[in-house]
Amino acid sequence: MNDVDASALRRKTVRWYGRNARDLPWRHSDCSPWGVLVSEFMLQQTPVARVLPVWRSWVETYPAPADLAAAPTGDAVRAWGRLGYPRRALRLHAAATAIVRDHGGEVPPDNDALLALPGVGRYTAAAVASFAFQQAHPVLDTNIRRVLGRVLTATPEPSASPSAAEYALAARLLPATGNAAARWNSAVMELGALVCTARTPRCDDCPLRTDCAWLRAGRPAAETPGRPRQAWHGTDRQLRGAIMAVLRAGGPVVLENFRADPASGAEVPEAGLGAAQIDALARLRDLNPDDARVDRLIGDLCADGLAVTRDGSLSLPQ
DNA sequence: CAATCGTGGCG
DNA sequence: TCGCCAAGATT
């Protein structure tokens, strides 16, 4: 890639973005860095359409980091609704707490400070630094990786995690000024979300169709799978999700048997959920959990901070 | 590094 | 219908 190519790619992509960008609330100029941070947490592995309504209610309930930090973690998990990966709600709460404690209640603009927050990895730190603070950081999410990979190296689909070469390439393409870099990052991401999609890319509508190495090569399919396929049917994850759904809906969940842990004195479940809860869980297809399995998952949920046992019942943390 | 962690819409 | 997969992070 030389400078002429990079310049042309940026011009075409940003022009396309100007005409085709979705009107997303976290892109508005009046959206706070906190609003951007919340959106980035919610958008981790979750589609925009599902995030939108939850994001709106969330920023209304928790307009600043201090508002979330002051709330019980169980409230955060409940407000998370059915976005999935409820640990993200816990980590966002922990991030808000750290922001209050270490940054005066304001989302820090520094990439390293962002990276130090719970639940913030390389992508999210760069995204917030770029989108909320207009800093020139290369952002590599799955959309941008797919677009750049296809256009520049004819790579059908991104690998499991971004390589150093991908970061070097993204850094070389990045416009110098923070504002231009943010616009470019948004534009490539949007192109990946709307046109250069994983399954059926709309190459006819792509502003980069005459530049794309992958299209030129005949759109070859991937040889080796990228991310490992997510198991779901009948797995622990499914049952874990079902238990969390019961807790969000109205818990607490009555536990069948109980004993006091001799070491800590804490109460721990011994023989699974009560009959009513088993019925509730069994309504979901293919769930037939034995007590030992339920106990193990309850233990995991408590260890993760997603649930607590108390007085013979399981509930969201206070 | 590979496994784990939810959910639901869509082709 | 049912497998694919969506702005990742953590251990």
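Naming: A, B, ... by sequence-line order, numbering from 1 per chain.
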Got a donor-acceptor contact below 3.5 angstrom from the [X] side chain to the [Y] backbone?
X        : Y        : value
A/Glu106 : A/His103 : no
A/Arg88  : A/Met42  : yes
A/Asn185 : A/His137 : yes
A/Arg27  : A/Leu24  : no

>> Any non-hydrogen side-chain atom of A/Tyr62 less than 4.5 Å from a side-chain atom of A/Val38?
In response: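 Contact flag for A/Tyr62/A/Val38 side chains = no.
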> Are any non-hydrogen side-chain atoms of A/Ile243 and A/Leu314 less than 4.5 angstrom apart?
Replying inline: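 Touching, per the 4.5 Å side-chain cut-off.
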>> Can you check the distance between C/dA9 and B/dG8, where both ends of the measurement are the P atom (answer in whole Å)?
In response: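 Rounded to whole Å, the distance is 23 Å.
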> In whole Å, what separates the P atom of C/dA7 from that of B/dC10?
Replying inline: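 Taking atom P in both C/dA7 and B/dC10, they lie 15 Å apart.
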What is the distance, rounded to the nearest whole Å, between atom [atom1] of [X] and atom [atom2] of [N]?
X        : N      : atom1 : atom2 : answer
A/Asp300 : C/dT10 : CG    : P     : 19 Å
A/Asp236 : B/dT4  : CG    : P     : 9 Å
A/Phe41  : C/dA9  : CZ    : C1'   : 9 Å
A/Gln45  : B/dA3  : CD    : C1'   : 14 Å
A/Tyr85  : C/dT11 : OH    : P     : 15 Å
A/Leu90  : B/dT4  : CG    : C1'   : 16 Å
A/Arg296 : B/dT4  : CZ    : P     : 11 Å
A/Gln238 : C/dG3  : CD    : P     : 13 Å

> Which of these nucleotides, C/dA7, C/dG8, C/dT10, is closest to any side-chain atom of A/Leu43?
Replying inline: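 So the nucleotide nearest the side chain must be C/dA7.
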>> Quick check for you: among B/dC5, C/dA7, C/dG8, whose closest atom lies nearest to any side-chain atom of A/Gln44?
In response: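 Closest nucleotide to the A/Gln44 side chain: C/dG8.
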> Only one of A/Val188, A/Leu148, A/Asp211 clears side-chain contact (heavy atoms from CB on, under 4.5 Å) with A/Leu9; which?
Replying inline: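 It is A/Asp211, the one option of A/Val188, A/Leu148, A/Asp211 that forms the side-chain contact (heavy atoms from CB on, under 4.5 Å) with A/Leu9.
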> A/Trp214 and side-chain contact (heavy atoms from CB on, under 4.5 Å): which partner among A/Arg150, A/Glu157, A/Arg146?
Replying inline: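 Only match with A/Trp214 under side-chain contact (heavy atoms from CB on, under 4.5 Å): A/Arg150.
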> Under 4.0 Å between a side-chain N/O of A/Arg248 and OP1 or OP2 of B/dT7, yes or no?
Replying inline: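 So the side chain of A/Arg248 is within the cut-off, an N or O lying under 4.0 Å from OP1 or OP2 of B/dT7.
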> Counting only side-chain N and O atoms of A/Arg87, is one of them less than 4.0 Å from OP1 or OP2 of C/dT10?
Replying inline: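 Answer is no, no contact under 4.0 Å.
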>> Short of 4.0 Å, heavy atom to strand atom, which residues of residues 132-144 of chain A count as contacting DNA chain C?
In response: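 A/Asp141, A/Thr142, A/Asn143, in order of number.
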> Of the residues in residues 175-189 of chain A, which ones touch DNA chain C at a heavy-atom distance under 4.0 Å?
Replying inline: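 Close to the strand are A/Met189.
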Pairs: protein N or O with nucleotides 8-11 of chain B N or O, under 3.5 Å:
| unit_1 | atom_1 | unit_2 | atom_2 | d |
| --- | --- | --- | --- | --- |
| B/dG8 | OP1 | A/Arg82 | NE | 2.2 |
| B/dG8 | OP1 | A/Arg82 | NH2 | 3.4 |
| B/dG8 | OP2 | A/Arg82 | NH2 | 3.1 |
| B/dG8 | O4' | A/Arg50 | NH2 | 3.2 |
| B/dG8 | N3 | A/Arg50 | NH2 | 3.4 |

If you look at every strand shown and take non-hydrogen atoms under 4.0 Å, does [X] touch a base, only sugar-phosphate, or nothing?
X        : value
A/Ala198 : sugar-phosphate
A/Trp26  : base
A/Gly121 : sugar-phosphate
A/Ser161 : nothing
A/Val120 : sugar-phosphate

>> Just by distance, no angles: are the side chains of A/Thr153 and A/Thr155 close enough, under 3.5 Å, to form a donor-acceptor pair?
In response: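 Side-chain D/A pair, A/Thr153 to A/Thr155: present.
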>> With rounding to the nearest 0.5 angstrom, report the OG1 to CG distance, A/Thr97 to A/Asp102.
In response: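 The distance works out to 10.0 Å.
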>> To the closest 0.5 Å, what do you measure between CZ (A/Arg22) and CG (A/Asn20)?
In response: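 If I round to the nearest 0.5 Å, the distance is 11.0 Å.
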>> By nearest heavy atom, map A/Leu115 and A/Arg22 onto DNA chain C; which one lands nearer the 5' end?
In response: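 Looking at the nearest nucleotide for each, A/Arg22 comes out on the 5' side.
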>> Here's a test of your reading of the structure: between A/Arg91 and A/Ala193, which maps to the more 5' nucleotide of DNA chain C?
In response: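 By nearest-heavy-atom nucleotide position, the 5'-most residue is A/Ala193.
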> Honestly, is A/Arg145 close enough over A/Tyr123, meaning NZ or CZ under 6.0 Å from the six-membered ring centre and within 45° of the axis?
Replying inline: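 No, a cation-pi geometry is absent between A/Arg145 and A/Tyr123.
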>> To check you understand the geometry: which heavy-atom pair defines the closest contact between A/Phe41 and A/Pro118, and what is its length?
In response: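 Closest heavy-atom pair between A/Phe41 and A/Pro118: CZ-O, 3.3 Å.
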